[in-house]
Amino acid sequence: MTYNFKEIEAKWQKYWEQNHTFKAESSSDKPKYYVLDMFPYPSGAGLHVGHPLGYIASDIYARYKRHKGFNVLHPQGYDSFGLPAEQYAIQTGQHPAITTEENIKTYRRQLDQIGFSFDWSREVRTSSPDYYKWTQWIFIQLFDSWYDNTIDKALPISELVALFSKEGNETIDAVCDDDTPSFTATEWTAFSEKEQQKILLNYRLTYLAKTEVNWCPELGTVLANDEIINGVSERGGFPVVRKKMTQWSMRISAYADRLLTDLEKIDWTDALKESQRNWIGKSVGAAVRFNVVDFEAKIEVFTTRPDTIFGVSFMTLAPEHELVQAITTEAQKAAVDDYILATSKRSERERMADVKTISGVFTGAYAEHPFTKKPIPIWIGDYVLAGYGTGAVMAVPCGDQRDYDFAKQFGIPIPNIFHDTDISEEAFTDKAKTKIANSEFLDGLDFKSATKRVVEALEEIKQGEGKINYRLRDAVFSRQRYWGEPFPVYYIDGMPQMIDKKNLPISLPEVEKYLPTEEGEPPLGRAEVWAWDTQKNKVVHNSKIDHKTVFPLELNTMPGWAGSSWYFNRYMDPHNADEFVSQAALNYWQEVDLYIGGSEHATGHLLYARFWQKFLFDRGYLPKDEFAKKLINQGMILGTSAFVARIEGSNTFVSNDKINNENIQYIHADVSFVNASDELNIEAFKSWRKEFSTAEFKLSDDGSFKVKREVEKMSKSKYNVVNPDEICEIYGADALRLYEMFLGPLEQYKPWNTAGITGVSSFLKKLWKLYVGDSGLKADDTTATKENLKTLHKTIKKVTEDIEQFSFNTSVSNFMIAVNELSAQKCTSREILEPLLILISPYAPHIAEELWAKLGYESSISTANFPIFEPKYLVESSKNYPISFNGKMRFTLELPMDLSKEEIEETVLAHEKTVAQLAGRTPKKVIVVPGKIVNIVG
RNA sequence: GCUCAAGUGGCGGAAUUGGUAGACGCGCUGGAUUCAAAAUCCAGUUUCUUCGGAAGUGUGGGUUCGAUUCCCACCUUGAGUACCA
């Protein structure tokens with residue numbers, strides 16, 4: 001009987017499905033364990049071999065935990081709203097829902113053939129109305145909440161309204177917009193309904209506001225900060241400009257501090273935590289307000305060095321700062337306007353690339369120093385960013401290199417306020433290494449006490465106070481797109497109104513085209529049935545709009561991260577029509593125990609999801625304020641691209657080892673045309689594209705044509721994609737699973753190389769041959785030898801450690817060693833083979849199931865208990881040689897194999913005592929770790 | 001510039017209380033089997049070597065009886081981030 005993996009794999013995949021083997025119940029006597037993958041966006045290209053890497057790892061862990069007696073939740077679903085389906089719809093007119101449905105089918109088929117232990121009965125799709133009903137509901141909850149700084153918690157907006165009518169807003173410490181006016185309780189009650197609503201928008205955790213946004217004209221939509229890389233859009237690489245627009249925003253800044261400090265309580269990688277810390281960007285310092293001379297205005301700055309306030313010799317505003325126009329003097333107006341125009345013409349990208357050039361213009365205005373009352377010239381310069389802090393800095397050239405360079409450039413004085421330092425060449429920035437001088441009441445103080453002293457002084461004269469500043473901005477939540485969640489919002493007199501929970505979901509309307517309207521409205525502006533009837537509580541035709549009972553609906557949709565910010569909770573109770581997830585399910589599953597996914601989501605998805613989790617926790621809907629205890633980032637599997645060399649301007653190709661001095665242009669060739677020795681199949685290449693059919697080839701000496709290889713991201717456009725379907729067809733799913741793990745450490749980036757798969761493939765064949773001969777099953781009831789047992793227990797120990805440490809690559813090696821050893825020992829004993837099969841089954845479940853069944857078991861191997869490691873088989877006898885080094889002695893003990901752990905410890909301790917006595921020291925405590933060599937140095 | 005991670009054969013990579021460096025696999029070499037090929041099996045495969053050995057984990061130092069492992073400095077590569085006041 002040969003190893004027919006195709007038949008076996010199909011058989012067991014069907015068996016698991018029919019027997020609901022991996023269905024998780026939300027109650028059990030067993031302890032729970034929740035293993036989650038980042039759900040995929042179902043793209044039209046289908047899966048390549050890189051995609052399943054993380055899924056295989058999580059599947060191994062989930063199967064392992066089941067063997068260990070846990071009730072495991074291991075779900076999967078689709079992040080199915082997104083740009084590609086919409087762009088395809090724009091091109092072809094096909095509804096994105098249809099495209100998405102087709103892509104999901106392909107994904108499902110591809111995932112199924114790999115043999116994952118997903119509980120598909122819990123599948124979620126973010127684009128399904130049953131799901132986004134609850135995304136809309138969460139949005140309403142956010143709208144209905146404000147953030148109380150005194151107890152660090154989100155509360156219902158009704159409580160804020162109650163406070164306003166009792167005591168106004170002076171006494172309330174809440175997160176709100178800076179320009180919120182103060183009012184008393186009487187004033188509040190006197191406000192019109194609309195005025196009240198406007199004020200409340202300043203407090204709500206999602207709010208509508210005219211804000212400066214990142215507008216991408218090419219994509220026709222706004223983008224969040226994390227969707228922009230190096231000044232261009234993450235998707236497509238299009239330029240992004242700043243623009244003021246009325247948009248929905250999420251007040252994530254309210255949670256900045258908790259998002260930062262709570263990183264300490266979760267087991268995520270340091271690299272990932274670090275990038276979240278950078279993104280949040282906390283700086284401790286002070287706000288200082290400078291009066292403008294002869295002008296009714298104050299300029300507020302943020303500084304981390306308030307101790308250097310006596311070193312201020314000028315101020316710099318960002319060119320976009322709102323006071324610039326007002327304070328500029330007549331004489332300087334032309335120069336300032338020119339400068340602003342020149343800056344605005346430069347793209348973000350240019351500005352970032354060109355850090356060296358120092359530019360700026362004097363406004364002609366002066367500010368007044370809060371203590372010395374001396375005038376300070378106010379400049380504008382593009383090294384000050386409008387988007388950070390207040391968009392204005394107090395420049396201390398002696399203590400900041402950028403201020404220093406600016407002062408040098410424009411001949412501004414550089415007063416030194418540091419004791420005993422040299423600032424003739426550069427600024428002195430090491431705050432810990434000096435004391436303050438020439439600074440009146442701060443003289444002689446160090447950084448810490450000077451800061452404390454000056455903040456007190458500023459507060460006294462009401463010109464400033466201690467402040468913590470965050471880089472994290474509120475997240476823009478509107479997208480001018482079709483294929484996203486509609487907002488459950490309609491407008492009365494320009495003010496947003498929420499639709500009641502019982503009328504959700506508000507489903508996406510039909511449109512005839514998926515483009516923005518001619519007037520520049522989002523695609524939903526094309527919908528004809530898109531108005532809200534407050535009497536009938538349903539969506540009606542636009543012609544019914546009368547602004548009395550029927551009102552226009554919001555035209556924007558939610559961004560891609562809306563649906564992915566809470567899906568892990570929905571898996572706990574995916575079909576609940578009355579709640580986003582029931583308390584019973586939450587009480588049982590609590591949180592994700594292990595989350596596996598790519599590190600590219602470090603500052604996007606993973607930050608937003610933590611934010612929503614904390615918010616829903618505050619409002620009492622969730623039991624935990626962090627959603628994932630442990631997180632692992634799997635590395636990417638890269639493709640090995642093949643390049644053919646063409647002589648520029650001709651149709652002649654040169655073998656890569658035959659290139660002389662020609663001007664060469666490298667062209668991607670499909671990797672399927674190239675063999676393991678980097679030789680091109682010329683015929684296949686010629687018939688690939690019409691233009692190559694007449695091409696000429698300068699061959700290598702041995703008659704072959706060599707290509708150049710390079711490792712790149714796997715992508716269709718680079719013709720280096722390897723499809724898992726092919727691998728399953730030729731080698732089987734178990735081989736694919738083993739090989740993906742065998743390639744290298746999970747977290748590492750590594751290139752795919754199909755040639756190496758023969759190693760794991762022949763391992764599977766050997767395993768099969770060890771059990772199954774020509775006449776059927778070979779396993780029997782012979783007693784296992786000590787050698788057999790040693791091999792088994794060594795493997796149990798190593799594999800258990802490997803899995804616990806997510807070191808799946810070494811496990812595969814350990815299986816190979818075990819099978820090689822057992823083959824050499826001609827071991828056919830069931831006593832050994834059964835536990836070995838259970839060990840292997842998380843990695844190669846199909847072959848393990850088949851052999852398990854052949855051994856006569858009726859149940860699935862997935863329910864078997866993980867074998868127990870017995871250290872006594874592992875104690876190695878080793879060479880016994882005392883060696884003398886400079887009078888010190890080292891002993892390696894030789895111990896009999898069948899001692900228990902306690903006996904070993906006793907023996908070792910006895911030796912330690914003897915040696916210690918001889919060496920004249922006190923005996924140390926002895927801890928024996930199985931499989932380790934025991935050393936005693938005397 | 002800053003932060004983090006990593007440097008081991010021809011290649012992917014093993015090696016954690018500091019204890020025989022190179023496990024396992026690919027590739028390569030030789031052999032068996034075959035009319036032949038594929039497949040399979042066996043042996044070898046860090047480098048140098050006068051065949052006794054010697055050197056060797058990016059470089060230079062240090063700690064230690066003993067360092068791929070710990071410490072210091074430097075070099076290289078990768079990732080993230082960037083005029084953050």
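Chain naming here is simple, since letters A, B, ... match the order of the sequence lines and numbering starts at 1 in each. Note that the structure is a prediction, hence the values are computed from the model and not measured.
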Contact letters for nucleotides 23-32 of chain B, in which S counts primed atoms plus P, OP1 and OP2 and B counts the base, heavy atoms under 4.0 Å: BBSS------

Distance-only donor-acceptor check, side chains A:Glu710 and A:Ser641, under 3.5 Å: no

Using the test ring-ring contact (aromatic ring centres under 6.0 Å, His included), find all partners of A:Phe643 that sit at least two apart in sequence or belong to another chain. A:His668

Would you say a side-chain N or O of A:Ser275 is under 4.0 Å from OP1 or OP2 of B:C4? no

Regarding A:Gln409 and A:Asp405, do their side chains bring together a donor and an acceptor under 3.5 Å, going by distance alone? no

Nearest to side-chain heavy atoms of A:Arg471, which nucleotide of B:A82, B:U40, B:A85: B:A82

Taking syn as any angle within 90 degrees of 0 and anti as the rest, which one fits B:G52? syn

Look at all strands and tell whether A:Gln401 reaches a base, only sugar-phosphate, or nothing, counting heavy atoms closer than 4.0 Å. nothing

We want to know whether A:Ser283 and A:Tyr388 form a side-chain donor-acceptor pair, criterion being a heavy-atom distance below 3.5 angstrom. yes

In B:G56, glycosidic geometry as syn within 90° of 0 or anti otherwise: anti

Steps toward salt bridge (charged side-chain N to carboxylate O under 4.0 Å, His left out) verdict (A:Glu740, A:Lys750): CA-CA 10 Å; A:Glu740 295 231 353; A:Lys750 53 219 167 234; over 6 Å; no

Atom CG of A:Asp400 and atom C1' of B:A85 are separated, to the nearest Å, by 6 Å

What is the nucleic acid contact for A:Pro745, judged by heavy atoms within less than 4.0 Å: base, sugar-phosphate only, or nothing? sugar-phosphate

A:Arg402 vs B:C84: side-chain N/O to OP1/OP2 distance below 4.0 Å: yes

